[in-house]
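What you see is a predicted model; the values in this text were computed from it and never measured. Below, each value reflects all heavy atoms present in this structure, side chains not excepted, and no hydrogens, waters or symmetry copies. Indexing begins at 1, ligand by ligand and atom by atom, following the structure's order. Count residues from 1 along the sequence.
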Amino acid sequence: MVKKDIASYSLDKLTAQLLQFEVKKYRSKQVYEWLHDKKVVDFAEMSNIPLSLRTKLNDAFYINDIKIARKLESSTENTVKYLYRLMDGNYIETVLMDYKHGNSLCISTQVGCRMGCRFCASGESGFVRNLAPSEMLSQIYETQRESGAVVNSVVLMGIGEPLDNFDNTIDFLKLLSFETGKNMSLRRVSLSTCGLVPEIYKLAELRLGLTLSVSLHAYNDEKRNRLMPVNKKYNISELMKSCKYYAEKTGRRISFEYAVIAGENNSEEDADGLLRLLSGINCHVNLIPVNQAKEQGFKATKKDCEDFLSMLSRGGLNVTIRRTLGADINAACGQLRGQLYKKPLNDM
Ligand code: SAH
């Protein structure tokens with residue numbers, strides 16, 4: 001029998017699963033608490049569960065457990081990057097950022113990525129598989145256990161495209177905000193997407209209260225097609241329509257991510273285009289100097305960002321420069337995992 005991933009079930013689904021063992025209903029609540037409150041990774045530790053049931057659980061299910069393969073602490077910023085090894089031997093990255101208002105955790109949603117953005121290292125070695133809800137949660141549980149820090153907010157901005165793994169991401173968000181366990185308000189969650197339009201509409205309907213971050217990086221189709229292949233499928237006009245819908249439906253301000261790339265998207269013309277594009281949308285723009293994650297030669301200085309920020313602010317846009325946390329530890333998406341395919345782990 002193929003074992004099932006027990007920590008990915010909601011309490012209702014877990015209760016339905018445990019019916020097969022003819023146990024009382026309160027048992028599923030107890031098991032759920034062991035998994036998400038006490039966060040055990042072995043059925044043997046579930047001390048208030050009868051041994052006979054623990055044995056049956058162990059035969060039918062497994063508990064997803066991720067292990068630290070590498071930990072890199074930034075020397076300049078209060079940032080720690082974890083390379084986690086999944087049970088099947090794949091690797092993902094998680095970044096703990098100590099922001100002024102509490103610890104924020106950047107988690108991965110897929111192993112690899114199929115979106116192919118030209119500046120991003122996440123998809124360099126291709127797409128391997130989606131993460132299960134429990135593997136997204138484990139990044140929080142394991143980082144808290146290891147660091148002793150309490151994670152106060154979560155950003156889905158690590159490896160992968162969360163809306164390309166829609167159902168698991170939604171299940172993860174439900175587990176994250178459930179009263180037993182992390183019990184996190186989804187107002188403390190940001191989900192970043194490269195712009196999968198049908199899923200933005202689907203997400204709007206759910207009205208989860210999270211912040212939607214849209215990776216824009218260019219104001220017109222010609223430029224965005226060059227940087228982000230997804231734009232050939234869903235162009236800027238379709239994307240903007242879905243963003244407006246999301247903002248109207250949820251009452252939430254959209255956050256646009258814009259990686260400044262010198263000579264590529266930071267001219268006066270780019271600023272004017274961006275101002276026109278975003279006028280009338282309840283939004284905020286985050287600028288970030290492109291991190292040289294790949295060998296395609298993209299770069300930008302802090303000054304490039306500041307200059308572009310002045311151009312946009314003059315036009316009345318709500319814009320900030322995102323702190324480039326952990327540049328010295330390859331904290332940009334997929335950089336650390338990417339290195340695994342170039343050098344053995346021990347040499348890193
Ligand atoms: N797939 C999602 C989330 C992961 S990427 C998305 O595309 O939004 C998180 C953010 O980092 C995105 O805005 C992405 O465009 C940006 N990013 C990726 N590589 C980068 C790099 N080398 N420099 C600056 N930003 C980068």
Side-chain angles (χ1 to χ4, degrees), residues 79 81 92-95 97 104-125 127 130-131 136 139 154-166 168-169 172 189-197 199-200 203 210-218 223-224 226-231 233-234 239 242-243 246 254-262 264-266 283-302 304-305 308 320-339:
T79 299
K81 180 155 196 167
I92 49 162
E93 300 174 3
T94 306
V95 185
M97 298 166 288
S104 177
L105 195 70
C106 175
I107 67 161
S108 295
T109 54
Q110 296 181 314
V111 180
C113 184
R114 50 179 148 215
M115 298 299 125
C117 299
R118 267 183 71 209
F119 43 81
C120 182
S122 293
E124 263 190 315
S125 40
F127 172 76
N130 284 327
L131 291 188
M136 298 184 215
Q139 295 172 63
V154 171
V155 294
L156 279 66
M157 282 195 188
I159 296 173
E161 167 51 49
L163 296 187
D164 187 37
N165 183 13
F166 192 87
N168 286 352
T169 298
F172 155 72
V189 175
S190 292
L191 184 153
S192 183
T193 179
C194 63
L196 296 184
V197 167
E199 283 75 19
I200 292 177
L203 192 65
L210 48 79
T211 300
L212 182 67
S213 278
V214 175
S215 302
L216 191 56
H217 307 321
K223 285 188 187 232
R224 199 164 187 267
R226 272 208 309 269
L227 295 172
M228 304 175 73
V230 68
N231 197 69
K233 195 156 181 203
Y234 306 113
L239 177 60
S242 70
C243 290
Y246 187 91
I254 306 269
S255 175
F256 288 101
E257 303 293 312
Y258 196 98
V260 173
I261 309 174
E264 188 76 26
N265 64 1
N266 65 335
C283 71
H284 172 261
V285 175
N286 251 322
L287 301 179
I288 175 165
V290 71
N291 197 312
Q292 259 188 293
K294 288 167 89 172
E295 280 135 32
Q296 80 302 69
F298 288 154
K299 42 177 141 41
T301 59
K302 203 164 164 239
D304 291 324
C305 272
F308 198 58
T320 47
I321 299 181
R322 196 168 80 192
R323 282 203 295 155
T324 50
L325 290 167
D328 62 328
I329 53 168
N330 291 327
C333 309
Q335 281 186 298
L336 190 56
R337 178 175 171 268
Q339 288 178 8

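The neighbour count for K223 NZ, taken as heavy atoms of other residues, nucleotides or ligands under 6.0 Å away, is above 12.
Taking every non-hydrogen atom of G158 and a distance limit under 4.0 Å, the qualifying atoms of ligand 1 come out as 4 (C). Listed by number with element, the atoms of ligand 1 under 4.0 angstrom from any heavy atom of H217 are 13 (O), 14 (C), 15 (O). For ligand 1, the atoms lying closer than 4.0 Å to a non-hydrogen atom of C194 are 6 (C), 7 (O), 8 (O). Here is the list of ligand 1 atoms found below 4.0 Å of a heavy atom in C120: 18 (C), 19 (N).
Checked against a 3.5 angstrom limit, the closest N/O atoms of Q292 and ligand 1 fall outside it. The shortest N or O to N or O distance between E257 and ligand 1 is not under 3.5 Å. Ligand 1 has a nitrogen or oxygen under 3.5 angstrom from a nitrogen or oxygen of N291. The shortest N/O to N/O separation between F119 and ligand 1 falls below 3.5 Å. Between V290 and ligand 1, no pair of N/O atoms sits closer than 3.5 Å.
When side chains are defined from C-beta on, D164 does not count as touching T193, because their heavy atoms never get closer than 4.5 Å. By the 4.5 Å heavy-atom criterion applied to side chains, H217 and F256 are not counted as neighbours. V260 is not listed as a side-chain neighbour of V290, based on a closest heavy-atom distance of 4.5 Å or more.
A salt bridge links E93 to K81: one of the charged nitrogens lies within less than 4.0 Å of a carboxylate oxygen.
Between atom OG1 of residue T169 and atom CG of residue N130 there is a gap of 7.5 Å, rounded to the nearest 0.5 Å.
The backbone N or O of N165 lies less than 3.5 Å from no partner atom in the side chain of N168, so there is not a single donor-acceptor pair.
Only the backbone of T193 comes within contact range of ligand 1, with a heavy atom under 4.0 Å; no side-chain atom does. Counting heavy atoms closer than 4.0 Å to ligand 1, residue E161 contributes atoms from both its backbone and its side chain.
Minimum interatomic distance between I254 and Y246 (heavy atoms only, all atoms of both residues): CD1-CD2, 3.7 Å.
Ligand 1 lies within reach of G160, whose nearest heavy atom is under 4.0 Å from it.
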